[in-house]
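Only this structure's heavy atoms are used, side chains among them; waters, hydrogens and symmetry mates stay out. Keep in mind that what you see is a predicted model, and the values were worked out from it rather than measured.
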Amino acid sequence: PDLRSGGRRIPIPEREALVLRALVSTDEMLFKRAFGDIEQSGNVGEIAYDGFANVDGADVESVSLKDGTMTMSYSFGTKDRLMRAIAIRDSGAEVVAKLADYETVDDGLKHPMSRTILLNGKEVAKVSISIMIRNKGFLFP
């Protein structure tokens, strides 16, 4: 509330926290599960195959993971294998980040340059990235 990083802190309501998470989420839970021996995997469950679906007219295959009470689903295009959507479900709310406008960032690495965030089916945010810089293995949009 004080607009300072060291100021008073208040808890963020769960729905707002889910929206904020959807703004920046990529494949961190998949990474934790795949590399649990080097990454803190905590309560992350096994990867479940969810089958085929359709996201904005594109055929996708989806997988999901549970981390405590939260479930994250990842949908990948069947033709290009790019991640098309991330769905986050927790406490009765669902936030979906639809990923689009992939560009090659560095050495063939592709990254979505835009995402649309939906909270319980209603659009609440759009994010566009104009430049992506890679430095020592980290991406900085």
- prompt: Applying the side-chain contact (heavy atoms from CB on, under 4.5 Å) test to Val95, which of Leu119, Ile86, Asn120 qualifies?
  reply: Leu119
message: Ile117 vs Val96, test: side-chain contact (heavy atoms from CB on, under 4.5 Å). Steps then yes/no.
response: CA-CA 6 Å; Ile117 311 298; Val96 176; over 6 Å; no
task: Could you name each residue pair satisfying salt bridge (Lys or Arg N to Asp or Glu O under 4.0 Å) that touches residues 113-125, not counting sequence neighbours?
output: none
query: Can you name the side chain to side chain contact (heavy atoms under 4.5 Å, CB included) partners of Glu16, sequence neighbours left out?
result: Ile12, Pro13
- prompt: Salt bridge check: are Lys98 and Asp56 linked by an N-O gap of less than 4.0 Å?
  reply: yes
query: Would you call Glu94-Arg15 a salt bridge at under 4.0 Å N-O?
result: no
task: State, with a plain yes or no, whether a side-chain heavy atom of Ser73 is found less than 4.5 Å away from one of Arg89.
output: yes
message: Membership question, hydrophobic clusters at under 4.5 Å side-chain separation (ILVMFWY): are Val127 and Val124 in the same one?
response: yes
message: Under 3.5 Å, is there a donor on one side chain and an acceptor on the other for Ser114 and Asp101?
response: yes
message: If you apply the rule side-chain contact (heavy atoms from CB on, under 4.5 Å), what do you find for Phe52 with Asp59, and how did you get there?
response: CA-CA 7 Å; Phe52 291 91; Asp59 291 330; 5.6 Å; no
- request: Apply side-chain contact (heavy atoms from CB on, under 4.5 Å) to the pair Leu18 and Asp90, showing each step before the final yes or no.
  value: CA-CA 8 Å; Leu18 284 179; Asp90 196 4; 4.1 Å; yes
- prompt: Looking only at atom types and distance, does a side-chain atom of Tyr102 sit under 3.5 Å from a main-chain N or O of Met83, one as donor and one as acceptor?
  reply: yes
